[in-house]
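Below you'll find the structure, written out as structure tokens, and then a few comments.
Quick note: residue numbers are just sequence positions, from 1.
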Amino acid sequence: MPRRAAFVLLLLAMLPSAAGAIPAFARRYRVSCTLCHAPVPALNAFGDLFAANGFRMSAGEAPVDTIGTGDPLLHLASGVPLAVRVDAYVQAYTKGRTRTDFGTPYNIKLLASGPLSRTFSYYMYVNLYERGEFGGFEDALLIANDVGGRPVDVALGQFQVSDPLFKRELRLEFEDYAVYRVRVGDEPANLTYDRGLMVSADVLGFALTGQLLNGNGIGPVNEARQFDDDGLKTLAGHLSRDLSGALRVGVFGYLGRSESGARRNRVAMAGADVTLGLGAVELNAQALHREDTDPLFGGTPGTVETDGGFLELLLRPPGSRWHGFALYNLVTSSRPLLAVGLGGPAGVPRYETASGGIGYLALTNLKILGEASWDLEQERARLTVGFVTAF
């Protein structure tokens, strides 16, 4: 604990005193957060393009706010580009009787990003405080854009496997995209964070993403100082296309293996995702099928099949400080082996929730939200009120 506390204090001491009240990207270019977000943390079309360009205004843009070093191979920023995000919530749970809970704060994140050259950039964040404890690094990427002068981007590091589908970190709801968090039995693989290589390319009007992964999350090294404890790699791929200005469709595949002792589990996933945007209204849908041959590594005869997905409805009127959202989650398994994560118990065969709420931008970088959720399996209600801010 003393080392962790010292590390946190060191990071906080690095915050620039003249940072003001705007996040790192807006601070760098001296623009409003609304240029990329609609609302925070969701991205608009320009925000998607900004991220795809390696967090630059345009592809191949030289780093800004650098100091002169006399070294043509060194683009050194004049300041460390840091930003802080804080999430805080007050919740009430009802199942027979009502209980309240103060999650204030719930998360505190320190983010850093910037270009290293016209081609290379980086992005990372550390959870200084995550649900009551030090969370550690999650996203941590080195990115190369337009490799070889082609529309090919390469990222190496830690990232969410589901990012090419729908980005969990940018959702407007407190309730999560449950199907991405699902773990089956003792198998560590899911579609949240993993370590590996991600390559994205534009091919004949299609957006193609391929991933080579450890397949076991972002836990610490084992006794041999290896992150991949079985040495087996996992492959994932996503192919999508915009069929019109309003409709995007995609397909996803995932194939991996993991070992525990002499036992081996094979994981296969396949799915489809759709986004339909009609002005202020956006509808997102995800469907996934998963098969595990032996997720208990010797304790489960036969293949375990898992099906799930979500439907999401977003209402974001242009020019309004108000927005609305609704999310329906459903995950089922052929055996009671599911561990959904946040909000869901372990060892269940089914997870089903319905959520809806509204948000209001009190400030450009301060969002207040209220959300009601109903767990159809546990027959439990949850009411969440809180805020998200970044500076």
Side-chain angles (χ1 to χ4, degrees), residues 3-4 6-15 23-25 27-28 36 41 43 47-48 50-56 63 75-77 79-87 107-117 119-131 133-145 147 153-171 176 180-181 188-200 209-222 225-229 233-234 236 238 341 390:
R3 289 184 179 180
R4 289 182 175 179
F7 177 67
V8 171
L9 290 174
L10 175 62
L11 288 174
L12 290 175
M14 292 169 60
L15 285 170
F25 298 148
R27 183 158 48 245
R28 181 191 307 157
C36 291
L43 293 178
D48 285 327
F50 180 81
N53 286 335
F55 310 105
R56 300 175 178 86
H75 301 271
L76 195 61
V80 180
L82 298 176
V84 177
R85 172 176 165 172
V86 181
D87 297 36
N107 287 323
I108 302 177
K109 299 177 180 180
L110 182 66
L111 305 96
S113 176
L116 299 173
S117 70
T119 300
F120 291 98
S121 58
Y122 68 93
Y123 176 78
M124 60 184 178
Y125 76 81
V126 60
N127 275 306
L128 301 180
Y129 183 92
E130 183 181 29
R131 299 187 294 277
E133 59 185 7
F134 180 76
F137 281 91
E138 291 185 341
D139 279 316
L141 299 171
L142 177 65
I143 306 163
N145 289 103
V147 177
D153 300 334
V154 179
L156 179 67
Q158 296 181 175
F159 49 83
Q160 298 213 48
V161 183
S162 59
D163 274 351
L165 291 79
F166 295 103
K167 293 179 170 59
R168 292 177 54 242
E169 289 295 325
L170 302 183
R171 71 187 188 278
D176 211 337
Y180 295 160
R181 295 186 58 87
N190 68 4
L191 298 185
T192 61
Y193 287 100
D194 212 330
R195 295 184 175 97
L197 178 72
M198 179 164 56
V199 180
S200 303
T209 302
Q211 300 174 354
L212 180 64
L213 310 163
N214 279 347
N216 61 344
I218 54 173
V221 297
N222 57 22
R225 297 189 177 183
Q226 297 170 343
F227 289 103
D228 192 351
D229 49 15
K233 290 295 177 279
T234 294
H238 183 254

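Every residue two or more places apart in sequence or in another chain that forms a side chain to side chain donor-acceptor pair (under 3.5 Å) with Gln160 is listed here: Arg168, Tyr193. Residues forming a salt bridge (charged side-chain N to carboxylate O under 4.0 Å, His left out) with Asp139 (at least two apart in sequence, or on another chain): none. Under the salt bridge (charged side-chain N to carboxylate O under 4.0 Å, His left out) criterion, Arg195 pairs with no residue at all, not counting sequence neighbours.
Smallest separation of non-hydrogen atoms from Gly215 and Pro188: O-CG, 4.3 Å. Considering every non-hydrogen atom in both Asp194 and Asn216, the closest pair reads OD2-N, 3.5 Å. Counting all heavy atoms, side chain and backbone alike, Glu130 lies closest to Gly135 at OE1-CA, 3.4 Å. Closest approach of Leu141 to Ala155, counting heavy atoms only: CD2-CB, 4.4 Å. The shortest heavy-atom contact between Lys233 and Leu212 is CB-CD1, 3.8 Å. Of all the heavy atoms in Asp229 and Asn222, the pair that sits closest is CA-ND2, 3.5 Å.
Between Val161 and Tyr180 there is no side-chain heavy-atom pair separated by less than 4.5 Å. Inter-residue side-chain proximity for Pro81 and Tyr122 is flagged as met; some heavy-atom pair is nearer than 4.5 Å. Contact annotation: the side chain of Arg85 never approaches that of Ile108 to less than 4.5 Å [non-hydrogen atoms, C-beta and beyond]. Side chains of Asp87 and Tyr129 form no contact here, defined as non-hydrogen atoms less than 4.5 Å apart.
Residue Leu156 holds its CG atom at 6.0 Å from CG of Leu197, rounded to the nearest 0.5 Å. Separation of atoms CD (Gln158) and OH (Tyr125) is listed at 10.0 Å; rounding is to 0.5 Å. Phe159 contributes atom CZ, which lies 5.0 Å from atom CG of Leu213 (distance to the nearest 0.5 angstrom). Between the CG atom of Asp163 and the OG1 atom of Thr209 there is a distance of 10.0 Å, given to the nearest 0.5 Å. Taken from CG in Asn127 to CG in Leu111, the straight-line distance is 9.0 Å, to the nearest 0.5 Å. The structure places OH of Tyr123 at 15.0 Å from CG of Leu142, a figure rounded to the nearest 0.5 Å.
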Candidate pair Val84 and Leu128, rule side chain to side chain contact (heavy atoms under 4.5 Å, CB included), full reasoning: CA-CA 10 Å; Val84 177; Leu128 301 180; over 6 Å; no
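Between the side chain of Ser117 and the backbone N or O of Phe120 there is at least one donor-acceptor pair closer than 3.5 Å.
Electrostatic pairing of Arg171 and Asp176 counts as a salt bridge here, judged by a charged N lying under 4.0 Å from a carboxylate O.
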